[in-house]
Structures are given as C-alpha cells and as structure tokens.
Number of protein chains: 2
Amino acid sequence: MEERGLPWEERYARLAVIPEGATVLDPGGSACGFSLKHQGAWLFFLPGVPKEMQVLFDSFVLPFLVGFAVGGDYMRQRTLRLFGMSETQLQEAVNKLGEWQEGVCVGFYPNFPENHLTLTLRGQDPQTLEEDLDRLTAALGREVGEVLLGPGTATLEELVGRQLRKQGLTLAVAESCTGGLICHRLTNVPGASDYFQGGVVTYGNQAKMDLLRVPGETMDREGAVSEATVKAMALGVKEIFHAPLGLAVSGIAGPSGGSPEKPVGTVWIGLATQKGVEAKAYRFHGSREEIKALSAQTALDWLRRELK
Amino acid sequence: MEERGLPWEERYARLAVIPEGATVLDPGGSACGFSLKHQGAWLFFLPGVPKEMQVLFDSFVLPFLVGFAVGGDYMRQRTLRLFGMSETQLQEAVNKLGEWQEGVCVGFYPNFPENHLTLTLRGQDPQTLEEDLDRLTAALGREVGEVLLGPGTATLEELVGRQLRKQGLTLAVAESCTGGLICHRLTNVPGASDYFQGGVVTYGNQAKMDLLRVPGETMDREGAVSEATVKAMALGVKEIFHAPLGLAVSGIAGPSGGSPEKPVGTVWIGLATQKGVEAKAYRFHGSREEIKALSAQTALDWLRRELK
C-alpha cells in the first residue's frame, strides 16, 4: 500500500530491483525471483502468483533443497495415483508389503476423489533407485490391483484417452447430474478430439427424450434416475455420435431433488459398448460438487477398467 | 512411518490422543485439531486433509488471530471478484479512489481467470465498518464498471443463474473448445436445473451438423471456428433445447490445431437471444486448460452483462 502514491513507471521499475548480492532466479519467459544468504540462512523470494511461484520453486528451490538435504546422495521420488480405496485401506495394503523395510519413505496425500502416494528413495546410484521404484510400484500394484491408476502420474482422463487411441475407439458421453464435468475432463487432454466425439448434457427430461431418444414411457415408469433410463441414454448418445462407446450418468447431485427411495447421491452410470449395455448404481455422499466429482471419476474409472 | 508396525486399532486410538493442557478444536462432525501455548507461543495442530484443515482454520485459528491482532477493535473484510481488467489496471483504478486514504487495507489476489481484491477495515463499530465497505465497493464499482462481478462474493455462474431465474429465462449451451466446462460451471450451482436446459459438446464437425443443424456448407466455407458457425451453433442449441437463450463457443484450445490464419487461442463466442444472434472473436493466450478457462469465463461474463 505504501506504493500507492507512486507513478506506475516507478512501480514497474521497482519490480526489477533486487538486493545487493542476491542471485536472480530466472525461469525465462516468466516472472523472476531471487535468492540470497543472510546471516547464514538461505532466503528465496518468489512471485505471489501461484503458477509463477511453482515454476521457480520446481526449477530452483526444490533442486537446492534436495541437494542440501541429501548431500552427495541421489534422491528419487515417484507419485502414484489411486482411486477406489480409502486412505486407511491403502495404509493397510502398504503395510502388507515386505519391500517397505528397505528405507523407502511413503507419503499419503488424500487428493479428492483420489489418494496420492509418494515413494521416496535415496542412494548412490540413480539407476538402482529407478529400478527399486519400479519394483515397489509393481508390488503395490499386485496388492491393490486396479485401484492403482497405472505406474505413472498420468491422470484418469489421460489413461482413458491412451486406451481409446491404442484400440482405435471413439467415445460419446451423456451427462445429467455430472453436468458436463466428464466431457470437460476428457477434453483437458491434448488431442482428445482424436477419440472423443462429443457429449450431451441433458438436465431436463424433454432433452433426454428429444436428443438421446430415451422413451418417454421409460422415464415415466422408472424415472430419470434409473437403470432403464441410463442404459437408454448410453445407447442413445452412442448412436447419435456414431461412436462405438457410449457413457452415461444420471443421478441426484443435490442438495435438493432427493426422495426416500432415491436420496441425494443416488447415481446410475451406464456404459454401452459393441458387446451391449450395462448399468451400475451408486450411492455417493458429500456436497453437490463432491457428488459430481465422484460420479465423473467413477464413470471414467469404469471405462478405464473396461478398456484394459 | 514409525507407525507402520502398529495394529490399526492402535493407529486409530492414536488419532484421539492430545497433549496435556491442549485445547481440542472440534468443528463437530469433522476431524478435530488442538491448540496449546508452549514457551509463550501459541501452537495450532490441524488435520492434513485440506478441506478439514480449512474448516478448523476458519472457525478457530482465524478468529483467534483477528482477535489477537486487533485487540478490542472490530475488523471487517470483504472479498470482491473482478474479471476483464489486468492486475495493473486494477491497481491504477484503486489508486484513483480518494476513499482509500481512510485506513482501508487493500489486498490483490490474482485468481485466474479473475482478480480478487480484499478490503479490510478496523474500527470500534461493526455497523459503521459494513457501511464503509458498502461505500468503498460502490466507489470501486463506479471506477471499474462491469468488471466488478457484483458487490458480493457470488461466482460468475451464480450471478448468471440469479439473473436467469429473476427474468424467468432458460439457457442452452453449445461447446466446442471449452469441451463441457461452461455446462459444468453452470451446474455447480444448486437449483441450476430451474434455468439451465442443457448443452451439447460437439467436438467433431459431423456432430455440429447432425445435432446443432449447422449447415455443412457453412463449415466448408467458413470453417468450424468462425462467426457463421458459432452463430449457427448458438441458434441451433437454442432451438433443440427450446430455450430463449443459446450460448455457443468454438475455438482452438491447442496445443495443436492452429494455423497462420487461425492460431491457437482463436475463439468465437456466439449468443442467441430473443432479439437475434451475435458473435464476438477473441484471441487468448496460455495453455490448453487456460484457453478453455478464459473462453468459458468470457462466454459466461458476456451473458452476465447481457442479462443486466
């Protein structure tokens, strides 16, 4: 605030000023920071914008800290993404593994709706460390099975996309309670247009009939949130987008709209493939946005497992 | 990790252990933390899960800090959301306001794609503080105009929803490069089904023709990312969802798909109302996800201004 009086030229100029003896941290093309040692302590000054801070932290601060921490040793860390197991179950699974006794440090990071787990190793030989991480990852995979979203850090939508591309398949999505989140996640992946045909967000019943060709009597009889309707939605979206795969979600995200028979969190997911159409029912808990997130994640995860 | 050997009952039991003399911070229904004074310093211990930490921080830590900081005084803070002005332009606008000399503390928080601004006041009378905040907010509104997203903290999708509800209008959305993000944001608002009819995510040109009735020759002549196509998309989605309002976006989110004439970041937005159809062209910069976010935000903001 003390800068308020200054002309903007001077405020801009100030952005380029650094203390005597400081080292400029220049990522190139983004905001700079600087570091200096003061009274025996290393100080790092980074921009306030999270994205700019992150770049400098990853490229300057973290390497400094690692080198500082491990001395001449090497350090390797791997982050694994898991979905479909509570943190406690995951802890149990980790404890079952004998390999953990060899100085690996395990970190648990709940990252709704996923759980992320970091494996950190130190040693003299980077090659050996990578091999150990591969071995640990494989061992964990044997313990938790499909809950492990691949050996790497790829997102669920990236994994689905890779499988679709590999198998030369395309996908269309019909969303009710997820409201477009599944399409949004799929299209965050560069090149998604190669395998994602498109989707329909049908909030109203009329749109389910007009666009997805869900029979009116089906919705009258079973309701919009039902096995019959979600199956018809999956088949309908598959058909109108001329895609071999159709994924559909219909549920009650809340906070209103629930009933004793179908409380908030009731979600039907349907998957139409060349083999036919299946549907599964779920009961999720949480806020509207959490139920949307869980529904989208569960639908994409079903597709990932189906494509394996 | 030292807990690894313990049976789970004991690990659970440990979660309930607190140091002697500590005060339990119990939000009720969520994870607890505790605080204690040690060697003259207040220490707060909160859960690691961000959502659980936030609850305790907001309900225990922050009030403590505020009381600690202002002594017997009252403190009132308001967060304002702005879109359509750079942080520097915003700073300029803030500096133009004479009212700022009365001991208000202004905080700038870039919150892509918005800028958030906090106004903090201290004084003896809470009522006066609220009135001062109202006056400051109004003054800023006069300075920045429609860039200020309302006087409160409502999100852009909430503001659009309120206007639609108030005017008894419904909306349908056709998304290409935003890939479902606009529908996702609109449906994050409870009760959105009252005014949001639904949407179509048309990634392929065939779907634009089949579902949105965009004439094939239009896309052959002008391309999928063009004024003519996005206008046809807005009119098409308005028609198929029987809605008085149709919003459409077609662009190149990248990283591939650009050309010299239409580089990555080229985005057309179309809005069909009862008065007719309009379209605007934009050139955004950033990553694929940033261009998606900017396109969705700009489309929703156009609708917000249109509905005023």
Side-chain angles (χ1 to χ4, degrees), chain A residues 1 3-5 8 11-12 48-51 87-88 91-92 94-95 100 105-106 108-110 112 170 172-173 175-193 196-204 206-207 210-211 240-242 253-257 288-289 292, chain B residues 1 3-5 8 11-12 48-51 87-88 91-92 94-95 100 105-106 108-110 112 172-173 175-193 196-204 206-208 210-211 240-242 253-257 288-289 292:
Chain A
M1 281 301 93
E3 294 194 355
R4 199 179 294 140
W8 65 269
R11 281 206 312 283
Y12 277 170
V49 179
K51 211 181 87 196
E87 196 187 358
T88 321
Q91 173 96 58
E92 292 300 314
V94 165
N95 295 343
W100 302 116
C105 176
V106 185
F108 292 89
Y109 302 95
F112 182 84
T170 66
V173 179
E175 304 191 57
S176 184
C177 68
T178 47
L181 177 55
I182 296 175
C183 293
H184 169 50
R185 286 185 60 175
L186 285 166
T187 57
N188 280 343
V189 182
S193 50
F196 177 65
Q197 291 283 3
V200 179
V201 180
T202 52
Y203 240 47
Q206 193 60 44
D210 297 349
L211 296 176
I240 62 174
F241 280 97
H242 315 291
S256 61
R288 178 182 180 88
E289 291 193 38
K292 280 182 70 175
Chain B
M1 283 302 95
E3 296 192 354
R4 200 179 293 138
W8 65 268
R11 283 206 312 281
Y12 279 169
V49 179
K51 212 180 90 196
E87 196 185 357
T88 322
Q91 173 97 56
E92 292 299 316
V94 165
N95 294 341
W100 303 116
C105 175
V106 185
F108 292 89
Y109 302 96
F112 182 83
V173 179
E175 304 191 58
S176 183
C177 69
T178 45
L181 176 55
I182 296 175
C183 292
H184 169 49
R185 286 185 59 175
L186 286 166
T187 57
N188 279 343
V189 182
S193 49
F196 177 65
Q197 291 285 1
V200 179
V201 179
T202 51
Y203 240 47
Q206 193 58 44
K208 291 186 178 74
D210 296 350
L211 295 177
I240 62 173
F241 280 97
H242 316 291
S256 62
R288 178 182 179 89
E289 292 194 36
K292 280 182 71 176

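Residue numbers begin at 1 in each chain, while the letters A, B, ... track the order of the sequences. Here the structure is a predicted model, which is why all the values come from computation and not from measurement. Note: hydrogens, waters and symmetry copies are ignored here, and every other heavy atom, side chains too, is used.
Contact annotation for A/T178: only backbone heavy atoms (N, CA, C, O) come within less than 4.5 Å of a heavy atom of chain B. Residue A/V173 does not touch chain B at all, counting heavy-atom pairs closer than 4.5 Å. In this structure, no portion of A/S256 lies under 4.5 Å from any heavy atom of chain B. Within the 4.5 angstrom heavy-atom criterion, atoms from both the backbone and the side chain of A/N188 approach chain B. Proximity to chain A is limited to the side chain of B/V49, based on heavy atoms less than 4.5 angstrom apart.
Nearest heavy-atom pair, B/P190 versus A/P255, reported as atom, atom and distance to 0.1 Å: CB-CD, 3.5 Å. Closest of all the heavy-atom pairs between B/F196 and A/Y203 is O-CB, 3.7 Å. The heavy-atom pair separating A/A192 from B/R288 by the smallest distance is CB-NH2, 4.3 Å.
Counting heavy atoms from C-beta outward, A/K292 and B/T187 have side chains that approach closer than 4.5 Å. Looking at heavy atoms from C-beta onward, A/L211 lies in side-chain contact with B/F241 at the 4.5 angstrom threshold.
Between the side chain of A/K51 and the backbone N or O of B/F112 there is no donor-acceptor pair closer than 3.5 Å.
Of the listed residues (A/G199, A/C177, A/A172, A/G198), the one with the most heavy-atom contacts under 4.5 Å to chain B is A/G199. When the candidates A/P110, A/P50, A/S176, A/S193 are compared by the number of heavy-atom contacts under 4.5 Å with chain B, A/S193 comes out ahead. Heavy-atom pairs under 4.5 Å with chain B peak, among A/C183, A/G48, A/G204, at A/C183. Ranked by heavy-atom pairs under 4.5 Å with chain A, the list B/L181, B/V200, B/I240 is led by B/L181. Annotation: maximal heavy-atom pairing with chain A below 4.5 Å, among B/D210, B/T202, B/I182, B/V189, occurs at B/V189.
Using a 30° and 60° split on the angle between ring planes, B/H184 and A/H184 fall in the parallel class, below 30°.
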